Undergrad: 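Below you will find the structure I want to go over with you.
Sequence lines set the chain letters: A, B, ... in the order given, protein chains first and strands last, and positions in each chain run from 1. Everything numeric here is computed off the predicted structure, so don't read it as measured data.
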2 protein chains.
Amino acid sequence: MAGASIKEVARHAGVSLGTVSNVLNRPDMVSPGTRQRVLDAIAELGYVRNDSARQLRAGQSRTIAIVVLDVTNPFFTDMVRGAERVVEATGAMLIVCNSGEDGARERRHLELLEEQRVRGVLITPVGDGPQPHLEKLIDRGIPVVLVDRGTGRASRCSVAVDDVLGGRLAMDHLLDQGHRRIAYVGGPLSIAQVAERHAGAAAALEDRGADAELRVAATTSLTVAAGRRAAEDLLALPARQRPTALFCANDLLALGVLQELTARGLRVPADIAIVGYDDIEFAAAAAVPLSSVRQPREQLGRTAAELLLEEAEHGEAHQHRHVVFQPELVVRRSSDQPRRARR
Amino acid sequence: MAGASIKEVARHAGVSLGTVSNVLNRPDMVSPGTRQRVLDAIAELGYVRNDSARQLRAGQSRTIAIVVLDVTNPFFTDMVRGAERVVEATGAMLIVCNSGEDGARERRHLELLEEQRVRGVLITPVGDGPQPHLEKLIDRGIPVVLVDRGTGRASRCSVAVDDVLGGRLAMDHLLDQGHRRIAYVGGPLSIAQVAERHAGAAAALEDRGADAELRVAATTSLTVAAGRRAAEDLLALPARQRPTALFCANDLLALGVLQELTARGLRVPADIAIVGYDDIEFAAAAAVPLSSVRQPREQLGRTAAELLLEEAEHGEAHQHRHVVFQPELVVRRSSDQPRRARR
DNA sequence: GCAACTGGATGAAACGTTTTAGCCGCTATA
DNA sequence: TATAGCGGCTAAAACGTTTCATCCAGTTGC
């Protein structure tokens with residue numbers, strides 16, 4: 001009962017092993033009579049196909065992996081949900097791996113996925129340097145789609161949101177509201193998104209030629225806890241240097257900042273305005289509803305999965321594509337209070 | 001380059017195929033000289049072990065799966081993080097599957113996992129009825145650990161939090177605050193947790209013999225959107241029948257309820273108090289910081305993974321265990337305002 | 001009545017590992 | 001000097017599929 005093989009099913013049904021395989025894979029190539037006999041045997045023995053053997057023979061698995069930076073960040077889980085639908089519609093299986101923004105774990109995961117000969121990998125890689133492990137996958141012929149990484153390499157598809165534009169939107173809005181001392185809360189800058197959102201903000205400032213300053217309040221990660229620590233640091237500044245507005249690299253940071261600021265008695269947005277990034281579902285439900293730069297989270301995952309499937313199917317003929325979505329600023333109370341321009 | 005096998009490595013290094021395998025699996029059984037030659041060949045050919053073949057031979061894979069009800073719910077992703085650590089420490093791989101509270105998807109996932117001969121499954125099953133697919137896994141000898149499902153079956157380990165107690169804690173608190181018209185927001189009741197939290201609340205009411213009522217505001221799922229809809233329904237009630245306090249089956253519901261109530265101009269907790277469940281990180285950062293019944297989320301995952309690994313290792317000798325954690329009420333502003341008892 | 005097809009089945013090869021039995025040359029033991 | 005033991009290696013079997021070349025018994029076409 002525990003582990004019947006196709007061979008035992010064949011014996012049980014009084015047919016050859018190849019016939020059982022045919023029943024499983026091309027049922028109409030076998031006569032109704034024998035087919036039924038085989039199906040009965042399968043049911044009786046509780047036979048379950050052994051995927052390892054099948055894969056070994058096929059040379060390839062039917063799973064697709066998505067490697068995310070932080071499985072507890074709703075931005076990524078929404079993305080996963082988008083990808084999930086597309087992948088499951090094809091009968092394949094999507095497995096989720098969490099790198100936790102740790103390069104070593106990412107590498108380990110990719111090694112295991114390569115050993116498993118997955119059919120493809122969706123990944124938001126840690127850091128932004130050269131990615132030898134990804135190249136290795138690609139060399140082996142495993143399609144890789146970069147998610148939420150703009151820089152379009154020629155060797156792979158990518159799906160991204162224009163982070164520079166997102167940074168601009170946030171910064172323009174804060175400048176419009178009259179803020180002149182603004183801080184960008186985020187880090188490490190080695191994360192491409194973090195750097196690009198900052199670049200966008202800096203560019204907006206530059207373009208306006210406004211007499212304003214944009215400082216960076218560096219964090220070591222993009223979590224609620226890191227946000228709280230960043231807020232503490234900012235509060236340690238002398239009042240006159242303290243920024244009047246914060247642009248946070250993602251919503252988790254923004255929520256952490258918001259929590260700490262209000263805990264310390266500051267009012268948002270009266271004392272300090274906040275704009276986040278991602279527009280996760282919890283942003284709108286925050287203590288002070290959070291302004292945020294919205295990304296099409298599910299669509300990101302969906303599109304990435306579609307590109308991957310297309311590449312997996314068409315192989316050589318496939319043309320790599322780079323899809324870039326536009327972010328959109330959603331203004332809520334956390335930044336919705338104009339202030340007299342001043343320094 | 002694309003797909004070198006162990007055989008080619010062997011030829012390249014001028015040794016037999018078995019020796020290469022030994023280098024990979026018991027390096028000290030082979031002399032330093034040959035070992036180095038083999039390692040060089042491996043590097044040169046870019047050889048990567050084929051896991052399918054390895055598994056086929058071993059009869060078992062090195063992956064462990066966790067099947068969650070809702071991958072976008074922070075409660076589950078925190079659990080995943082807990083399990084992840086334990087699993088990865090053993091060199092195995094944790095893959096995350098999302099059933100999305102859909103029985104058919106759950107079944108499909110379990111079928112695929114069974115075909116893959118995973119080493120074990122951590123699962124929070126959809127619904128509470130008999131679970132033939134789980135039984136099937138167990139029959140096949142694949143260890144299954146139930147997560148967050150109290151009812152200790154003899155055939156498997158389980159890890160849970162006492163949901164009845166959690167319901168009691170919430171209800172006692174609301175009664176202490178003087179509430180007499182209380183609604184339980186949650187559903188469907190076919191989900192065990194939903195039912196048990198309600199049972200706890202009802203039991204608390206019973207025990208006190210208080211002249212109070214507990215109605216059920218049924219929802220179709222445990223999401224923020226469902227919470228908003230539930231709030232709409234409650235607001236449609238005539239004012240005198242409207243509950244003065246809500247106990248929500250989880251924090252997502254509570255956040256949705258909170259959002260909708262405040263959008264409609266009601267004050268929380270002055271007009272309506274709210275208590276949630278899970279104490280996810282976002283509860284504390286909500287518009288009105290949310291009282292919630294805290295569950296040890298990461299520990300739940302950690303312990304479940306430990307039980308699973310133990311079972312996978314000891315096989316027959318393994319004794320199934322049922323670990324139950326105690327929840328804890330965290331009172332925040334959303335329910336922190338006593339009211340004169342009245343009807 | 002014979003050759004040519006055809007639908008339905010069979011048997012064997014192949015996928016890439018791990019493992020086990022066995023071989024070879026050497027050293028230690030009696 | 002024979003024997004046992006040992007380190008280092010090889011050869012072959014086995015895991016459970018899928019696929020491909022064959023085969024067989026009918027049926028069709030001439």
Undergrad: A side-chain contact here means heavy atoms from C-beta on lying under 4.5 Å apart; do B/D51 and A/R117 qualify?
TA: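 No; the side chains remain at least 4.5 Å from each other.
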Undergrad: Just the rounded figure in Å: distance from P of C/dT19 to CG of B/N22.
TA: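 From B/N22 CG to C/dT19 P: 9 Å.
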Undergrad: State, to the nearest 10°, the angle formed by the axis through the first five base pairs of the helix from C/dG1-D/dC30 to C/dA30-D/dT1 and the axis through its last five.
TA: 50°
Undergrad: Applying ring-ring contact (aromatic ring centres under 6.0 Å, His included), name anything that partners B/H318, two or more places apart in sequence or on another chain.
TA: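 Expected list: B/H320.
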Undergrad: Any non-hydrogen side-chain atom of A/N73 less than 4.5 Å from a side-chain atom of A/L222?
TA: no
Undergrad: Please report the distance, rounded to the nearest Å, between CZ in B/R26 and C1' in D/dG8.
TA: 13 Å
Undergrad: So A/T19, base contact, sugar-phosphate only, or nothing? Heavy-atom distance under 4.0 Å.
TA: base
Undergrad: Pick the closest DNA chain D nucleotide for B/G18 and for A/V20 by heavy atoms, then say which residue is nearer the 5' end.
TA: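 It is B/G18, whose closest nucleotide lies nearer the 5' terminus.
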Undergrad: Counting only N and O atoms by type, is there a donor-acceptor contact under 3.5 Å from the side chain of B/R49 to the main-chain atoms of A/E115?
TA: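 No; judged by distance alone, with no hydrogens or angles, the pair does not exist.
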Undergrad: Applying side chain to side chain contact (heavy atoms under 4.5 Å, CB included), name anything that partners B/E106, two or more places apart in sequence or on another chain.
TA: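 So B/E106 forms a side chain to side chain contact (heavy atoms under 4.5 Å, CB included) with B/S99, B/L110, B/I123, B/P125, B/V126, B/H133.
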Undergrad: Could you state the atom-to-atom distance from CZ of A/R35 to C1' of C/dA9 in whole Å?
TA: 14 Å
Undergrad: Any protein N or O atoms within reach of nucleotides 15-17 of chain D? Criterion: under 3.5 Å, listing atom names and distances.
TA:
unit_1: D/dT17; atom_1: OP1; unit_2: A/Y47; atom_2: OH; d: 2.8
unit_1: D/dT17; atom_1: OP1; unit_2: A/N50; atom_2: N; d: 3.4
unit_1: D/dT17; atom_1: OP2; unit_2: A/I6; atom_2: N; d: 2.6
unit_1: D/dT17; atom_1: O5'; unit_2: A/Y47; atom_2: OH; d: 3.1

Undergrad: Would you say C/dG7 has OP1 or OP2 under 4.0 Å from some side-chain N or O of A/S31?
TA: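 Answer is no, no contact under 4.0 Å.
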Undergrad: So that I can tick it off, tell me whether A/R156 and A/E135 are bridged by a salt bridge, with the cut-off set at under 4.0 angstrom between side-chain N and carboxylate O.
TA: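 Salt bridge present between A/E135 and A/R156.
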Undergrad: Identify, with sequence neighbours excluded, every residue that meets side-chain hydrogen bond (donor to acceptor under 3.5 Å, both in side chains) alongside A/Q36.
TA: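 A/Q36 satisfies side-chain hydrogen bond (donor to acceptor under 3.5 Å, both in side chains) with A/D40 only.
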Undergrad: Listed by chain and number, what are the salt bridge (charged side-chain N to carboxylate O under 4.0 Å, His left out) partners of B/K136, not counting sequence neighbours?
TA: B/E114
